[in-house]
Every structure is written in structure tokens, then in C-alpha cells.
Trainee: 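One structure is given below, represented as C-alpha cells, and several questions about it will come after.
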Protein chains: 2
Amino acid sequence: MSGGELKLVEAEEPDDHDYRLQEQVGFILRKAHQRHVSIFASQIGDLTPPQFAALAKLHDVGETSQNQLGTLIAMDAATVKGVIDRLKARGLVDLTKHEVDKRRLLVNLTPEGREAIERLIPLARAITQETLAPLTAKEAATFMRLLAKLA
Amino acid sequence: MSGGELKLVEAEEPDDHDYRLQEQVGFILRKAHQRHVSIFASQIGDLTPPQFAALAKLHDVGETSQNQLGTLIAMDAATVKGVIDRLKARGLVDLTKHEVDKRRLLVNLTPEGREAIERLIPLARAITQETLAPLTAKEAATFMRLLAKLA
DNA sequence: TTGATATCATTTGCATACGAATGAATTTGG
DNA sequence: CCAAATTCATTCGTATGCAAATGATATCAA
């Protein structure tokens with residue numbers, strides 16, 4: 001009887017005690033991202049991951065508008081503007097107005113920007129490898145597949 | 001012969017063309033994190049994930065120093081200070097000086113902070129579920145195991 | 001004990017990141 | 001054709017996130 005009551009109390013108890021921050025996907029995702037950024041910085045000190053992403057995508061697709069570039073690298077308009085401004089200040093991209101659609105700002109790699117991204121791509125491969133280093137090759141493949149489903 | 005030469009050229013060619021930003025772990029990790037933060041904001045609009053993490057950890061361990069709390073929730077000293085300052089401004093935590101070690105700043109939940117975190121924990125569970133929703137239960141378990149190894 | 005070290009917190013500077021508001025230019029629908 | 005809606009870019013405000021420098025306090029070691 002008293003056992004039954006105890007069970008009932010336990011069942012009704014809001015299991016706040018069971019909430020473990022360290023096991024929540026958001027918390028671990030944030031830490032994994034932090035670790036990656038740290039690895040990135042150790043290999044490529046003078047460019048941030050978003051800056052690298054912008055250069056890599058420009059290298060890939062060529063001239064695009066600032067907003068379109070933002071879409072391609074998953075940055076909103078306000079964020080991409082800051083990134084591009086800083087790349088421009090360093091002479092890695094240049095900006096021209098679109099002749100026909102005067103709203104658009106076209107972004108291009110400069111020769112220096114092209115040289116930089118081509119030089120850095122091998123390092124980026126190493127960064128990817130180091131980030132995935134705690135996993136076996138098979139685990140890494142599984143992880144990438146599942147991560148892609150989440151993103 | 002010309003076939004052999006061609007093969008040689010291909011083998012030596014730096015495969016920059018093969019670099020796909022969208023397939024790099026860092027890029028997808030950043031996108032997955034963005035998605036999670038967006039889900040979090042849709043469920044808990046008036047608190048950020050770092051603010052929630054601070055409250056949840058305080059609820060878990062009770063009084064701690066600001067730096068210690070930062071360690072527990074993976075934030076450096078400068079970042080945790082900003083988070084705690086904003087929680088204090090909203091009356092969710094209060095700060096007292098450590099009696100013995102005058103360097104330390106002790107952080108505590110206020111009654112309002114305790115009420116808030118206990119009210120939000122069920123929502124946080126829903127956020128975790130929604131974040132993992134693209135995966136089956138088995139996939140989610142695998143993903144969490146591998147993600148933990150990376151973080 | 002005291003001088004060197006280490007720890008805790010703060011501050012500054014820089015770089016994402018995003019919501020919201022704004023203005024300019026384009027496209028669409030009636 | 002023209003008013004309404006949309007798109008592109010910018011700006012502002014707020015919130016992480018981290019490196020580096022600084023000041024105060026505590027601890028360690030000679």
C-alpha cells in the first residue's frame with residue numbers, strides 16, 4: 001500500500017531532476033562548434049570560418065550579389081554585410097553595382113582573394129580532418145550523414 | 001602515352017575543385033547550431049540558450065562563483081560575465097561577494113529565477129525533441145553518442 | 001616572510017548572429 | 001498602367017564568443 005503510494009508520487013513528480021544540461025543536443029552542439037572554431041583558428045589564424053566560407057563560395061560560384069552569397073553560406077543580410085566589408089577592407093573581394101538591377105551589390109574575388117582561398121583550401125581539409133579525428137572513418141561517415149539531416 | 005601523361009597531370013592537379021564547403025563538418029555544424037538556436041527562440045522567446053544554460057546549471061549545482069559557472073557551461077570569463085549581468089538585471093540571479101576569498105563573485109538563483117527555470121525545463125525538453133526530430137530514435141541515439149565524442 | 005605565480009573578475013576590442021526598421025529599386029497583380 | 005507587394009541592402013540594437021591586458025587577491029616556494 002505504502003509502496004503503491006510511493007510509486008504514485010514518483011510518477012507524478014515533475015522530473016526536473018532528470019534534466020541534464022550536459023546531455024542536451026543544443027548544449028553539445030554549441031560545444032562541438034566551439035571546438036571546431038578553435039581548431040580552425042589554430043590552423044588559419046588570420047581568417048574566420050565565416051570569412052573563409054565567403055571566399056570559398058565565391059571561388060566556387062564566381063560573381064554573386066551580397067544577399068545571394070549570404071543565402072549560399074547561410075548568413076542573413078546583416079551578418080554577410082559585415083563579413084564582406086571586412087574582406088573588402090583587406091582587399092580580398094571587391095564590390096560593384098549591378099548595371100541593370102541597381103539594388104544589387106556584386107561581390108567578386110580579387111586576385112589576392114583568389115590566391116588566398118586556393119592557398120587555404122588544403123588547410124581547410126586538414127581542419128575538417130582534425131575536427132573529425134575523435135571518430136573512426138566509419139563513425140565520421142555516419143555522423144556526417146546524420147548531422148546533415150539535422151542542419 | 002598521351003593517356004599516361006593525362007593521368008599524371010590529373011594526379012598532380014591540386015583538387016581544389018573537390019572542396020565542397022557545404023560538405024565540411026564545420027559548415028554543417030554551424031548550420032545545425034543555427035537551426036537549434038532558432039527552434040529554441042521559437043519555444044523560449046525571452047531567454048537565450050546561454051542564459052538558459054546558466055539558470056539550469058545554477059538550479060542543478062546551487063551557488064557557485066561566476067568563473068566556476070562559466071567552466072560548467074563552457075563559457076569563458078568575459079562571456080559569462082555578460083550573461084550573468086543580464087540575468088541579474090532581470091532579477092533572475094543575485095550576486096554576493098565571497099566572504100573568505102574576496103576575488104570570487106558568488107552567483108545564486110533568486111526565487112524568480114528558480115520559478116523561471118522550473119517552468120522552462122519542460123519546454124527545453126520539447127526543444128531537444130524538436131531539434132532531433134529529423135532523426136529516428138535510433139539515429140538520434142547514434143548521433144548523440146558521436147556528437148559527444150566530438151565536443 | 002616575501003617574491004613569484006596563479007586565480008578571479010573586469011574591461012576593451014573585434015567578429016559573428018539575428019530581429020526590426022528603413023529606403024531604394026524592382027516585380028507583380030488587378 | 002499603377003498601386004501593392006517583394007527584394008536588396010543598410011543601419012541599429014542586443015547578445016554571444018574569445019583574445020589580451022589589467023587589477024585585486026590568494027597561494028606557493030625559496
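Every chain is numbered from 1 and lettered A, B, ... according to where its sequence line falls, protein lines coming before strand lines. Heavy atoms only: backbone and side chains are in, while hydrogens, waters and symmetry mates are out. Note that the coordinates shown come from a computational prediction; the quantities given were computed from them, not determined experimentally.
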Trainee: Can you check whether Asp94(B)'s main-chain N or O pairs, donor with acceptor, with Thr110(B)'s side chain at less than 3.5 Å?
Mentor: no

Trainee: Quick one: how far along DNA chain C does chain A reach, first to last nucleotide 5' to 3', anything under 4.0 Å to a heavy atom?
Mentor: dA15(C) to dT26(C)

Trainee: Return the residues of residues 68-98 of chain A meeting this criterion: a heavy atom under 4.0 Å from some atom of DNA chain D. Order them by number, or give none.
Mentor: Ala77(A), Ala78(A), Lys81(A)

Trainee: Let me confirm one number: the CD1-CD distance from Ile39(B) to Gln34(B), rounded to the nearest 0.5 Å.
Mentor: 12.0 Å

Trainee: Using atom types as modelled and distance alone, determine if a side-chain donor or acceptor of Gln68(A) lies under 3.5 Å from a backbone N or O of Leu106(A).
Mentor: no

Trainee: Looking at Arg103(B), I'd like to know whether one of its side-chain N or O atoms comes within less than 4.0 Å of OP1 or OP2 on dG23(D).
Mentor: no

Trainee: Taking all non-hydrogen atoms of both residues into account, name the closest pair between Ala54(A) and Val83(A) and its distance.
Mentor: CB-CG1, 4.2 Å

Trainee: How about Phe27(A) and Phe40(B): are their ring centres within less than 6.0 Å of each other?
Mentor: no

Trainee: Whole angstroms only, please: what is the CZ-P distance between Arg104(A) and dA9(D)?
Mentor: 8 Å

Trainee: Check the orientation of Tyr19(A) and Phe52(B). Use parallel for under 30°, tilted for 30 to 60°, and perpendicular for over 60°.
Mentor: perpendicular

Trainee: Looking at CD1 of Ile84(B) and CD of Gln51(B), how far apart are the two atoms once the value is rounded to the nearest 0.5 Å?
Mentor: 9.0 Å

Trainee: Using distance only, find each side-chain donor-acceptor pair of residues 126-133 of chain B under 3.5 Å and give its atom names and separation, not counting sequence neighbours.
Mentor:
unit_1, atom_1, unit_2, atom_2, d
Thr128(B), OG1, Gln24(A), OE1, 2.6
Thr128(B), OG1, Ala124(B), O, 3.4
Glu130(B), OE1, Gln43(B), NE2, 3.0
Thr131(B), OG1, His36(B), ND1, 3.1
Thr131(B), OG1, Ile127(B), O, 2.8

Trainee: Using whole Å, what does the distance between atom P of nucleotide dT27(D) and atom CG of Asp101(B) come to?
Mentor: 6 Å

Trainee: Looking for any heavy atom pair under 4.0 Å, which part of the strands does Val107(B) touch: base, sugar-phosphate only, or nothing?
Mentor: nothing

Trainee: Apply side chain to side chain donor-acceptor pair (under 3.5 Å) to Arg30(B) and list each qualifying residue two or more places apart in sequence or on a separate chain.
Mentor: none

Trainee: Run through the side-chain heavy atoms of Ile, Leu, Val, Met, Phe, Trp and Tyr, join any pair under 4.5 Å, and report what else lands in Leu72(B)'s cluster.
Mentor: Val61(B)

Trainee: Using heavy atoms and a sub-4.0 Å distance, could you list which residues of residues 31-51 of chain A are near DNA chain C? By number, please.
Mentor: Thr48(A), Pro50(A), Gln51(A)

